[in-house]
K.L.:
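Quick one: the structure is below, questions incoming.
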Protein chains: 4
Amino acid sequence: MPPSNILDAIIAQSKLSKKETAKQQKIVEAAIALFAERGYANTSTSEIAKKSGVAEGTLFRHYGTKENLLLSVIVPFLKESIPFLAKEVFTDVNPRNYKSFELFIGALLRNRIAFLNENQDIFRVVLKELLYRDELRNELFPHLQSQLFFFLNDALEWFKELGQLKDLPNPVLLRLIMTSVASYLAVRYVLSPNREADDDAEVKTMVDFITGGVGKD
Amino acid sequence: MPPSNILDAIIAQSKLSKKETAKQQKIVEAAIALFAERGYANTSTSEIAKKSGVAEGTLFRHYGTKENLLLSVIVPFLKESIPFLAKEVFTDVNPRNYKSFELFIGALLRNRIAFLNENQDIFRVVLKELLYRDELRNELFPHLQSQLFFFLNDALEWFKELGQLKDLPNPVLLRLIMTSVASYLAVRYVLSPNREADDDAEVKTMVDFITGGVGKD
Amino acid sequence: MPPSNILDAIIAQSKLSKKETAKQQKIVEAAIALFAERGYANTSTSEIAKKSGVAEGTLFRHYGTKENLLLSVIVPFLKESIPFLAKEVFTDVNPRNYKSFELFIGALLRNRIAFLNENQDIFRVVLKELLYRDELRNELFPHLQSQLFFFLNDALEWFKELGQLKDLPNPVLLRLIMTSVASYLAVRYVLSPNREADDDAEVKTMVDFITGGVGKD
Amino acid sequence: MPPSNILDAIIAQSKLSKKETAKQQKIVEAAIALFAERGYANTSTSEIAKKSGVAEGTLFRHYGTKENLLLSVIVPFLKESIPFLAKEVFTDVNPRNYKSFELFIGALLRNRIAFLNENQDIFRVVLKELLYRDELRNELFPHLQSQLFFFLNDALEWFKELGQLKDLPNPVLLRLIMTSVASYLAVRYVLSPNREADDDAEVKTMVDFITGGVGKD
DNA sequence: GATGAATGAGCTTTCATTCAT
DNA sequence: AATGAATGAAAGCTCATTCAT
C-alpha cells in the first residue's frame with residue numbers, strides 16, 4: 001500500500017504527538033469541540049487557546065500550524081474509524097459469527113452507532129473537512145476503500161456462499177452497502193442531529209432496506 | 001406553509017436580482033466556480049472580483065455582502081432543485097405514466113443526473129454550505145421534505161396500489177428512497193467527481209438496489 | 001475687507017448656486033437635515049441623494065464635491081447669520097431705538113432666538129463643522145469679528161454715552177457679550193436640545209447676568 | 001448615583017488599561033495628537049499606527065476597536081476633569097479659604113487654566129466628540145451637573161452668607177457661572193488656540209464680568 | 001441635464017504566526 | 001517549555017467621484 005503525502009503527514013504527526021501531555025490533550029479537546037461547532041475556517045487559534053487554557057504560543061509550539069492541528073484532531077479518529085483495521089471491530093463483528101447477512105449488517109450498524117455516539121463532534125469535523133479538502137479526500141478514499149475491501153471481501157464471499165447475497169461484483173455490493181450505511185450515519189449525526197432516535201427500529205429499517213429494498217417481491 | 005426567514009431572504013434576493021446585467025452574470029459565474037472549487041470561506045471577494053473582471057466595489061454595489069452573494073448563487077439553483085415543485089419535473093416524470101416503480105425511479109434519476117450535469121459547480125457549493133450552515137439547513141430541510149412529500153406521496157400511493165411497494169409508511173419510504181438517491185448524487189458529483197460514469201449501468205444498479213436491496217430473495 | 005480663500009469659495013459658490021432649481025433645493029434640504037442629524041463625516045452622498053430623490057450623479061453635477069455641498073449649505077445660513085450685515089437685523093434691533101442696554105440686549109437675544117428657532121438644524125451643522133475645520137474657523141472668525149465690531153461699536157458707544165456700560169475697551173466688551181450670547185445659544189440649541197424653554201424668563205436671566213453679573217452690589 | 005452605560009464602559013476601560021505598556025503610551029499619545037488635530041472621523045487607524053511606531057494590529061490587540069481607543073483617550077482626562085470630584089481641586093480651591101467670591105472664582109479659573117495648559121489636545125478631542133456624540137453627551141452632562149452641584153452648592157451657600165452673591169436659585173447661579181467659565185475655556189483652547197494670553201488680565205476680566213457684568217451700577 | 005453603474009483607494013478589523021522573555 | 005505581545009498581510013466593506021448613456 002503506497003503511502004501518500006497526506007497520510008504520511010498524518011502518521012508522522014501521530015507519532016510526534018504520541019506522548020501527549022496534559023496540555024496537548026486540552027488543546028485537542030478544545031479544537032475538536034470548536035471545529036465541530038463552527039467549522040475549521042471559522043475557528044481562530046486564539047479561541048482554541050482560550051478554551052483550552054493555554055497560551056496561543058504553546059499551541060504553535062506543539063502543532064506548528066493550524067492546519068497541522070486539524071490533522072492531529074482528525075488522525076486518531078480516522079485510525080479508529082477506517083475501522084475495519086482496528087482489531088476491535090474485527091473481533092466484535094466477525095462475519096463468520098453471523099448466520100445471516102441481516103444480523104451481520106445490523107451488528108455492524110450498531111457497532112458504528114455506538115462508536116459515533118462517543119465521537120459525534122469529531123465525526124462532524126471530519127465530514128465537513130472531507131467535503132472541503134479535495135486533497136484529503138483523494139488520498140483518504142482509496143485507502144479507505146482498499147481497507148474496506150480487504151476486510152469485507154471475505155464477508156461478502158461468506159454470505160454469498162450462504163446464498164444470502166445477490167450475485168453482483170463485490171465492489172458494487174460494497175459501494176451500495178457502504179453508501180447506505182454512511183449516508184444513514186451522515187444524516188443522523190450531521191445533518192439532523194438533536195433528533196431522538198429509536199435505535200432498534202432504525203437499524204431494523206436500514207437492514208431491511210439494504211437487504212430487500214423497498215420493492216415488494 | 002409559513003415562509004421562514006432565510007427563505008424569505010432568498011426569495012427577496014431572487015426578486016431583486018431579476019434584471020441581471022452582464023456584469024452580474026459574470027460575477028455570479030465567477031463566484032460559483034470559486035466557491036465550488038475551494039469553498040465559500042476560502043474564497044475572497046477580491047478573487048471573485050478579479051476573476052469576473054469587475055472592480056471589487058461593483059460586487060458589493062450589487063450584492064451588499066459576501067454572504068448575500070452566496071445566496072444569490074444558491075437561490076436560483078434551489079428554485080429549480082427543490083424541483084418537484086417545478087412543472088417541468090412534474091411533467092417529465094409523471095408517475096402515472098410509468099407502469100412500474102423501477103421505471104419511474106429510473107426516470108427520476110436520469111432527470112436529476114441531466115440537471116446536475118449542467119449544474120455541477122453550484123451543486124457542490126450548495127452541498128458544502130448546507131453542511132456548514134445549520135440555519136440554512138434547518139430552514140431548508142423541512143421545506144424540502146414537505147415539498148417532496150406533497151409530490152411523491154401520490155406516487156407512492158400509486159405504486160402501492162399497483163402492488164409494487166412494500167407496505168411501509170410513506171415517510172419511511174420517502175426517506176429511504178431519497179437518501180439513496182441523494183447520497184448517490186452526492187458521491188457522484190461531489191465526493192468523487194472526475195470519475196467517468198456509465199449512466200445506464202449506474203442507474204440500473206441504483207434502481208435495482210432501491211427496489212430489491214442486495215439480498216437474494 | 002480682504003477676501004480669503006474659503007470665503008472666496010463661499011461667495012463663488014453662492015453665486016453659482018444662485019439660480020437654485022427645485023432639485024438643488026431638495027438636495028440642500030436633505031443635506032442640512034442629514035448633516036445636522038449625524039454630522040458631515042457620517043453622512044454619505046448616496047444617503048443625501050436618496051433622501052432628496054435625485055441621482056447621486058446629479059448631486060455632483062451641481063456641487064462638484066461633497067465638501068462643496070457642505071459650503072453651499074453653510075453659506076446662505078452664514079450670510080444671514082453674520083447677521084448684523086443683514087439689513088433686517090439692523091432695522092429690527094437698532095440700538096438707537098432702545099433707551100437701555102438691557103432692552104437692547106434683550107431684543108438682540110430674542111431676535112436671534114427667533115432666527116434659530118427656524119434654523120436649528122443648520123445651526124447645529126455650522127457649529128459642529130466650525131469645531132472641526134480650523135481653516136473655516138480661521139477665515140470666518142476675523143470676518144465675523146470685524147462685522148460685529150462694525151455694527152456694535154456704534155451701539156457700545158451709544159450705551160456708554162448713556163452711562164450704562166462699564167468703561168472697558170470695546171473689543172473686550174464685545175467679546176464678553178458675544179461669548180455669553182453665543183454660549184447660551186450653543187447650549188440651548190446644540191448641547192441640550194429637546195429641552196423646553198421659557199423664553200421670557202431665560203432672556204431676562206441672561207440680560208441680568210450680562211449687565212450685572214452674579215455678584216451683589 | 002446610578003452608573004450609566006457609557007460611564008460604565010469608560011470605567012471598565014480605564015481599569016483594563018491600567019498597566020499601560022510603553023507601546024500603549026505611544027499609541028494613546030499619537031491618537032490624542034491626531035484626533036485633536038483633525039478629529040476622530042478623519043483620523044485613520046493606520047495613521048495612528050504609523051505615528052506611534054507600532055503595527056496596526058497592535059493597536060487593535062490593545063483597544064479592540066477604534067471607538068474604544070477614543071474612550072481610552074477620553075476617559076483618564078474626564079476622570080481628572082469632572083474634576084471637582086478629585087480631591088486635589090477640593091483642596092486647592094476650597095471655597096472656605098477665600099474671603100471673597102471674586103478670589104474664589106479667580107482661583108478656580110487659574111486651576112483649570114493650569115490643567116488645560118497641560119491637556120490642550122485632549123480637551124480639544126473631548127469637546128469635539130461631545131458635540132458629535134449625543135449619547136456620550138446625554139450620559140455625561142447629568143453626571144457632570146450633579147457632581148458640580150454637589151461640590152459648588154456649598155460654596156454658593158457660603159458666599160451667599162457672606163452677602164456676595166445675588167439671591168438667585170443655586171442651579172441658575174451654577175449655570176451662569178459654569179457656562180461663562182466653560183465658554184471662556186472653549187474659546188481659549190479650542191476656537192482660538194495659538195493666541196497668546198495674558199493670564200492675569202484675562203482672569204481678572206472674566207472674574208469682573210462674572211461678578212459684575214458689563215453694566216455700570 | 002440627469003442618471004446610476006462602475007470604480008478603486010482606503011477604511012477598520014481579524015488572525016495565523018513569530019519571538020524575546 | 002511556556003508565554004503573550006507584536007506583527008502585517010489580507011479580509012470584507014464603504015464611499016466620493018467619474019462617465020457613458
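As the structure is a computational prediction, the values presented were derived from the model and not from experiment. Just so it is clear: chains get the letters A, B, ... in the order the sequence lines come, proteins before strands, and each one is counted from 1.
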K.L.:
Rounded off to whole Å, could you give me the CD-to-C1' distance for the Glu56(A) and dC15(E) pair?
P.N.:
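That distance rounds to 8 Å.
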
K.L.:
Specify the residue among Asn42(C) and Ser44(B) whose closest nucleotide of DNA chain F lies further upstream toward the 5′ end.
P.N.:
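Result: Ser44(B).
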
K.L.:
Output, in order, the C-alpha distance, side-chain angles, deciding distance and verdict of salt bridge (charged side-chain N to carboxylate O under 4.0 Å, His left out) for Arg38(A) and Glu47(A).
P.N.:
CA-CA 12 Å; Arg38(A) 46 172 164 281; Glu47(A) 285 170 313; 2.9 Å; yes

K.L.:
In whole angstrom, what separates Ile48(B)'s CD1 from dA11(F)'s P?
P.N.:
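One finds 11 Å between P of dA11(F) and CD1 of Ile48(B), rounded.
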
K.L.:
Without decimals, in angstroms, what is the distance between Leu59(A) CG and dT17(E) P?
P.N.:
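So the two atoms are 10 Å apart, to the nearest Å.
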
K.L.:
Ignoring backbone atoms, establish whether Lys23(C) has a side-chain N or O less than 4.0 Å from OP1 or OP2 of dG1(E).
P.N.:
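For dG1(E), OP1/OP2 do not have a side-chain N/O of Lys23(C) under 4.0 Å.
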
K.L.:
Determine: side-chain N/O of Arg61(A) to OP1/OP2 of dA2(F), distance under 4.0 Å, yes or no.
P.N.:
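Answer is no, no contact under 4.0 Å.
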
K.L.:
Could you give the OH-to-C1' distance, from Tyr40(C) to dA16(F), as a whole number of Å?
P.N.:
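Taking atom C1' of dA16(F) as the reference, OH of Tyr40(C) is at 9 Å.
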
K.L.:
With a 4.0 Å cut-off on N to O distance, would you call Arg133(D) and Glu67(D) a salt bridge?
P.N.:
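The answer is yes: the pair qualifies as a salt bridge.
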
K.L.:
Any side-chain N or O of His62(A) below 4.0 angstrom from OP1/OP2 of dA1(F)?
P.N.:
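No, because none of the side-chain N or O atoms of His62(A) sits under 4.0 Å from OP1 or OP2 of dA1(F).
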
K.L.:
Is the phosphate of dA5(E) approached by Thr58(B) (side-chain N or O, under 4.0 Å from OP1 or OP2)?
P.N.:
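So the side-chain polar atoms of Thr58(B) never come under 4.0 Å of the phosphate oxygens OP1 or OP2 of dA5(E).
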
K.L.:
Report the distance from atom OG1 of Thr43(B) to atom CZ of Phe35(B), rounding to the nearest 0.5 Å.
P.N.:
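Those atoms lie 5.5 Å apart.
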
K.L.:
Rounded to the nearest Å, what distance is computed from the CD1 atom of residue Ile27(D) to the C1' atom of nucleotide dA5(F)?
P.N.:
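It is 11 Å, rounded to the nearest whole Å.
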
K.L.:
When the nearest nucleotide of DNA chain E is assigned to Thr65(D) and to Glu67(A) on a heavy-atom basis, which residue is associated with the more 5' position?
P.N.:
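Between the two, 5'-proximity favours Thr65(D).
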
K.L.:
What is the distance, rounded to the nearest whole Å, between atom OH of Tyr63(C) and atom P of dA2(E)?
P.N.:
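Taking atom P of dA2(E) as the reference, OH of Tyr63(C) is at 11 Å.
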
K.L.:
Describe, in one word, how the ring planes of Tyr132(A) and Tyr132(B) are oriented to each other, choosing from parallel (under 30°), tilted (30 to 60°) and perpendicular (over 60°).
P.N.:
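Because their plane-to-plane angle is over 60°, the rings of Tyr132(A) and Tyr132(B) count as perpendicular.
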
K.L.:
Return the nucleotide paired to dA6(E): Watson-Crick means purine N1 to pyrimidine N3 with N6-O4 or O6-N4, wobble means G-U with N1-O2 and O6-N3, both under 3.5 Å.
P.N.:
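Result: dT17(F).
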
K.L.:
Using whole Å, what does the distance between atom C1' of nucleotide dA16(E) and atom CG of Asn68(A) come to?
P.N.:
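For the pair Asn68(A) CG and dA16(E) C1', the rounded distance is 13 Å.
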
K.L.:
Need to verify one output field. Residue with the more 5' nearest nucleotide on DNA chain F, Ala55(A) or Ser46(C)?
P.N.:
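Result: Ala55(A).
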
K.L.:
How close or far is atom P of dC11(E) from atom CD of Glu47(D), stated in whole angstroms?
P.N.:
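Glu47(D) atom CD is separated from dC11(E) atom P by 6 Å.
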
K.L.:
Side chains of Thr45(D) and Glu56(D): do they bring a donor and an acceptor to under 3.5 Å?
P.N.:
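Note: Thr45(D) and Glu56(D) side chains meet the donor-acceptor criterion.
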
K.L.:
Hey, is the side chain of Thr45(A) poking within less than 4.0 Å of OP1 or OP2 on dC15(E), counting only N and O atoms?
P.N.:
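Answer is no, no contact under 4.0 Å.
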
